[in-house]
Amino acid sequence: MFALVDCNNFYVSCERAFQPSLEGKPVVVLSNNDGCIVSRSAEAKALGIPMGEPLFKIRPLVEQHGVQALSSNYALYGDMSGRVMGYLASMAPELEVYSIDEAFLSLHGMARWHGPLDTYARQIRSEVRRRTHIPTCIGLAPTKTLAKLANRVAKKDPSLGGVLLLDSNERRQWALERVPVEDVWGIGRQYATKLHSMGITTAAGLARCSEAIARKHLGGVVGARLVRELQGYPCHQLNPSEDGSLARQSIACTRTFGRPLAQFEDVLGAVAAFASRAAEKLRRQGSAASLLTVFLSQNRFGNAPPPHTRSAQVTLPVSTSNTTELVRFARALLGRLWQPGTVYTKAGVILDGFEQGGQEQLSLFAPDGGERVERLMRKLDALNARYGIGSVQVAAVLGAHPGKAPWKGQQQRRTPAYTTCWDELWQVG
DNA sequence: TCTGGGGTCCTAGGACCC
DNA sequence: TCTGGGGTCCTAGGACCC
């Protein structure tokens, strides 16, 4: 039996945990540059504010109803997520951290010790709330896809008290019939449109599909597995997370600039900063990358025809996690992409092709130099951990401007980093 | 004026190999 | 004119997720 624990309106809930005055009011959290809505309180949803909507389009609504719009505070959310996941890890033999606000638990064999699983789930739910002030819903079912579906039903139907267990054919069928097909995990916009045109409008209808239909219309083997999972046959295993942190297969750092940029030095500053950040994340999970991609984007909402993005990739001669090396190659790729006279709005650096033990290969080429580089990188990470991200940087990051980097955007509505920054600790009193 | 960021998996086609 | 079969690796692109 799988359990899916999902935090309700996670970013808004994190903000409320430290600012109880936000309780009961319409609140939204904004994306980078205060651009789009990425989390909404129930009250904000009730006002008809859609997920992903740009703030400027709903400005009248926000002002009319006094909606609190907050900049995103990822230091806070990451820390709160760690607390929730740490507790969940203690409540089940295996835990998969699926995203910042969701986790799958394996509850195999747990009923024997803890009695009915829905009762156990209610305990977990109230304890998460007591410890962190974060509300959750929990879906329990024999497959991951059904656990997601149970979770969604529990969210929509307050009479269920935040927990739904699908442990019989009758209950499963009951749940399948009340979920629209577009809300099934793995059915996005394209597939939903296709299914509706075929007359399939509910999860129950999808569960009745033949394997051939699923394969033909829903992306081959992916669709076949989806339908099997709805029928109650597990196709997806739990992928336990090592001490709550995920080892990624790719690492990206991408940003829309605070304003459009046309100077090479300005964009280089951004790309070098992104490469540095990506290298830090890479070292934190102990990987070395063999593939480096840089992309540059122009305004995709303008009149210019697509493509709005161009990218360039290089296979590194030696896998590495060395910031200086990665910045050097990123600069070369940027040079290949750069078109003078073009105005860019966004850039990104992506690291791929990981292998373990990259450091060994590095030292093969530079028997003592490799170790020296490793020590330097460790020191760099330690300093940045102590004094804050970006305290110590390679020169290219600084670009032509000694002051604020021109690619950095606005975060005018950010709340303090209550839990992670010495200067912004929560004040009691 | 203002439109996020970071991931996953799968498929198809070409190059290349024996 | 005839001119195999099977495998791997790489890349691009599509669809989905939170």
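A note on names: the letters A, B, ... follow the listed sequences, proteins ahead of strands, and every chain is numbered from 1.
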Are OP1 or OP2 of B/dG5 and a side-chain N or O of A/Lys346 less than 4.0 angstrom apart? yes

What does nucleotides 10-18 of chain C look like as a protein-contact string, B for base, S for sugar-phosphate only, - for none, at under 4.0 angstrom between heavy atoms? -----SSSS

Taking all heavy atoms of A/Ala203 and all of A/Leu176, pick out the closest pair and write down the distance. CB-O, 3.4 Å

B/dT3 pyrimidine/purine six-ring stacking with A/Phe301, under 5.5 Å and 30°: yes

Side-chain atoms of A/Cys253 come closest, of B/dG6, B/dT3, B/dG7, to B/dG6

Regarding A/Lys148 and A/Asp6, does a basic nitrogen lie under 4.0 Å from an acidic carboxylate oxygen? no

Please report the distance separating the P of C/dC18 from the corresponding atom of B/dT3, rounded so that it comes out in whole Å. 25 Å

Considering only heavy side-chain atoms of A/Phe56, the closest of B/dG6, B/dG4, B/dC2 is B/dC2

Between B/dG6 and A/Thr254, is there an OP1 or OP2 to side-chain N/O distance shorter than 4.0 Å? yes

So what's the dot-bracket for DNA chain C: Watson-Crick or G-U pairs under 3.5 Å, [ ] if a pair crosses, | if it pairs off-strand? ....||||||||||||||

Does the side chain of A/Arg300 get closer than 4.0 angstrom to OP1 or OP2 of B/dG4 through an N or O atom? yes

For A/Arg16 and A/Leu22, indicate whether the former's side chain and the latter's backbone hold a donor-acceptor pair under 3.5 Å. yes

